[in-house]
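This report refers to the structure that appears directly beneath it.
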Amino acid sequence: DNQESDGSWNPARHGGSKSYQPALTALATLALHKSGDAFNYEVLRARRYLNEIQNPDGSFGTGKGRERFYNQAMVTYTLAMIGTDNDNPAVLERAVELIKRDQSAAGGWDYTAGSEGNSAITAWQIQALAAAEQVGVRGAHATVKKGLRWLRGMTDSSGGVSYKRGSSALSDTVNALTAHTLLTAGAAFPELSSTGQRIAASLDLMPSDKAGADLYRDSMKVRALKAAGANDSAEMLKNQIVKAGSAPYRDQWSKIGGRLYVESLNSLTRTF
């Protein structure tokens with residue numbers, strides 16, 4: 001009901017930031033795509049919008065720094081999952097080439113030049129590349145392997161994942177993102193899968209209302225637990241999210257995406 005005439009969704013109209021319009025449109029599109037054929041027309045319109053906003057260098061939209069990296073990863077991932085327009089097959093190829101160029105020498109990705117990477121955005125870039133590779137885009141395999149090795153190197157023996165090299169700060173959000181990435185994009189490599197299982201086993205299953213409402217964290221946990229085969233735990237957490245519905249969340253992304261983010265991620269989580 002809130003899709004714009006150009007096929008996008010504008011987060012600024014729902015309490016969010018317009019600079020993340022490509023990423024939030026991608027999230028809403030993926031939610032509709034996963035919800036069934038009833039929304040095929042809306043998904044088609046959104047797909048055309050995402051294709052049309054690609055710049056010559058392969059990026060999407062006009063965001064800088066952190067905005068640019070999340071827009072790039074989430075749009076690339078979504079287009080790989082739902083398919084690009086048949087008359088423009090080079091969209092994913094250009095998107096993949098840009099992600100490859102942005103990888104640090106160490107193997108990670110970050111928002112600023114000169115950094116070797118942070119685990120959160122690195123996990124998203126790897127997922128985007130792996131999804132593109134699954135639909136036939138060539139040239140991403142070596143980049144994915146290098147990124148996966150970097151992520152594994154950020155993991156300690158207890159299953160905690162550092163956000164940056166040398167950082168002692170740990171979070172269940174980063175742990176869940178990393179676990180899911182190692183278990184899916186790294187499924188062909190036993191050592192990566194075992195690391196992903198260890199991280200998933202360390203996730204805190206404390207109910208959301210006690211740990212502080214965080215839709216992004218809890219949704220990423222559901223994905224990670226599903227990938228690890230911990231279906232009972234995943235369903236328990238998913239039911240908590242469904243029960244909360246569109247209640248206000250206090251995570252960082254609710255400030256960026258507003259209600260558009262909450263409704264999209266809530267709906268998408270129901271399909272995990």
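Excluded from the calculations below are hydrogen atoms, water molecules and symmetry mates; all remaining heavy atoms, backbone and side chain alike, are included. It should be emphasised that the depicted structure is a prediction, and the values quoted were computed from it without experimental measurement.
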Indicate every side-chain donor-acceptor pair of residues 124-136 with a distance under 3.5 Å to a residue at least two apart or in another chain.
| residue | atom | partner | partner atom | Å |
| --- | --- | --- | --- | --- |
| W124 | NE1 | Y216 | OH | 2.8 |
| Q125 | NE2 | F69 | O | 3.1 |
| Q127 | OE1 | R223 | NH1 | 3.2 |
| Q127 | OE1 | R223 | NH2 | 3.0 |
| Q127 | NE2 | T181 | OG1 | 2.8 |
| E133 | OE2 | H141 | ND1 | 3.0 |

Looking only at heavy atoms, what is the nearest atom pair of S202 and G159, with distance?
OG-O, 3.4 Å
For I199 and N175 the tightest heavy-atom approach is CG2-O, 3.1 Å
Can V144 be reached from L183 by stepping across I, L, V, M, F, W or Y side chains whose heavy atoms are under 4.5 Å apart?
no
Hydrophobic clustering (ILVMFWY, side-chain heavy atoms < 4.5 Å, transitive) - are F272 and L27 grouped together?
yes
Determine whether more than 12 heavy atoms belonging to other residues, nucleotides or ligands lie under 6.0 Å from atom CZ of R101.
yes
For S104 and S115, the nearest pair of non-hydrogen atoms, with its separation, is CB-O, 3.6 Å
If you round to the nearest 0.5 Å, how far is CG of L237 from CG of D218?
5.0 Å
Salt bridge (Lys or Arg N to Asp or Glu O under 4.0 Å) filter on K164, not counting sequence neighbours, yields D110
Less than 4.5 Å apart, any side-chain heavy atom of V174 and any of L170?
no
Those residues that, when tested against D37, pass side-chain hydrogen bond (donor to acceptor under 3.5 Å, both in side chains) (two or more places apart):
none
Any I53 side-chain heavy atom under 4.5 Å of P22 side chain
yes
Return the set of residues passing side-chain hydrogen bond (donor to acceptor under 3.5 Å, both in side chains) with T269 (not counting sequence neighbours), or none when no residue passes.
S219
Hey, are the side chains of L151 and L182 touching, using non-hydrogen atoms and a 4.5 Å cut-off?
yes
Pair R198 + D156: basic N to acidic O under 4.0 Å
no
Applying side-chain hydrogen bond (donor to acceptor under 3.5 Å, both in side chains), can you list everything that pairs with N55, at least two apart in sequence or on another chain?
S59
Under 3.5 Å, side-chain donor or acceptor atoms of residues 224-235 against the rest of the protein: list the pairs with distances, not counting sequence neighbours.
| residue | atom | partner | partner atom | Å |
| --- | --- | --- | --- | --- |
| K226 | NZ | E235 | OE2 | 2.7 |
| E235 | OE2 | K238 | NZ | 3.2 |

Which heavy atom of G147 sits nearest to which heavy atom of Q103, and what is that distance?
N-NE2, 3.4 Å
Please output the side-chain donor-acceptor pairs of residues 7-19 that fall under 3.5 Å, not counting sequence neighbours, one pair per line with the distance.
| residue | atom | partner | partner atom | Å |
| --- | --- | --- | --- | --- |
| S8 | OG | D6 | OD1 | 2.7 |
| S8 | OG | Q21 | NE2 | 2.9 |
| N10 | OD1 | A12 | N | 3.0 |
| R13 | NH1 | E4 | OE1 | 2.9 |
| R13 | NH1 | E4 | OE2 | 2.8 |
| S17 | OG | S19 | N | 3.4 |
| S17 | OG | S19 | OG | 2.8 |
| K18 | NZ | Q21 | OE1 | 2.5 |
| S19 | OG | E67 | OE2 | 3.2 |

Working to the nearest 0.5 Å, report the span between CG of L268 and CG of L30.
5.0 Å
Can you list the steps and then say if D102 with R68 is a side-chain contact (heavy atoms from CB on, under 4.5 Å)?
CA-CA 11 Å; D102 284 336; R68 174 180 173 272; 3.0 Å; yes
Separation of N2 CG from E42 CD (nearest 0.5 Å)
12.0 Å
Kindly write out the residues that satisfy side chain to side chain contact (heavy atoms under 4.5 Å, CB included) with R66, not counting sequence neighbours, or none if the list is empty.
Y20, Y70, Y111, Q252, W253
I'd like to check R48 versus L44 (side-chain heavy atoms, cut-off strictly below 4.5 Å). Are they in contact?
yes
Gap between atom CG of D172 and atom CG of D214 - 0.5 Å precision:
9.5 Å
Going by an N to O cut-off under 4.0 Å, is there a salt bridge joining D251 and R217?
no
Derivation and outcome, side-chain contact (heavy atoms from CB on, under 4.5 Å), residues N266 and R270
CA-CA 7 Å; N266 188 300; R270 293 166 186 254; 3.0 Å; yes
Determine which pairs satisfy side-chain hydrogen bond (donor to acceptor under 3.5 Å, both in side chains) with at least one residue from residues 142-154, sequence neighbours left out, and list them in order.
E116-W150
Side chain to side chain, S254 and Y261, heavy atoms closer than 4.5 Å:
yes
Is it the case that the side chains of R47 and N51 hold a donor-acceptor pair, with the cut-off being a distance below 3.5 Å and no angle test?
no
Do K34 and M81 come within less than 4.5 Å of each other through their side chains, counting heavy atoms only?
yes
Go through it in stages, so that I can follow the logic: the residues are T76 and F60, the test is side-chain contact (heavy atoms from CB on, under 4.5 Å), and I'd like the CA-CA distance, side-chain angles, deciding distance and then a yes or no.
CA-CA 9 Å; T76 303; F60 297 95; 3.8 Å; yes
Any side-chain heavy atom of D204 within less than 4.5 Å of one from K221?
yes
For R45 and S5, indicate whether the former's side chain and the latter's backbone hold a donor-acceptor pair under 3.5 Å.
yes
Rounded to the nearest 0.5 angstrom, the OG1-CG distance for T271 and L32 is 11.0 Å
Side chain to side chain contact (heavy atoms under 4.5 Å, CB included) with S194: which residues, sequence neighbours excluded?
none
To check you understand the geometry: which heavy-atom pair defines the closest contact between S119 and S162, and what is its length?
OG-O, 2.6 Å
Before giving the answer on side-chain contact (heavy atoms from CB on, under 4.5 Å), spell out for S267 and S35 the whole-Å C-alpha distance, their side-chain angles and the decisive distance to 0.1 Å.
CA-CA 8 Å; S267 176; S35 296; 3.6 Å; yes
Considering residues at least two apart in sequence or located in another chain, which fulfil the side-chain hydrogen bond (donor to acceptor under 3.5 Å, both in side chains) criterion with S157?
none
Nearest 0.5 angstrom please: I82 CD1 to L50 CG, how far?
6.5 Å
Identify whether Y163 and M220 are in the same connected component of the hydrophobic contact network (ILVMFWY, side-chain heavy atoms under 4.5 Å).
yes
I'd like to know if K100 and E97 make a salt bridge, using a cut-off of under 4.0 Å between side-chain N and carboxylate O.
yes
Shared hydrophobic cluster, Y49 / F39 (ILVMFWY, side-chain heavy atoms < 4.5 Å)
yes
Could you tell me whether a side-chain N or O of N71 sits under 3.5 Å from a main-chain N or O of M74, the two making a donor and an acceptor?
no
Minimal heavy-atom distance between A28 and L260, with the atoms involved, is CB-CD1, 4.2 Å
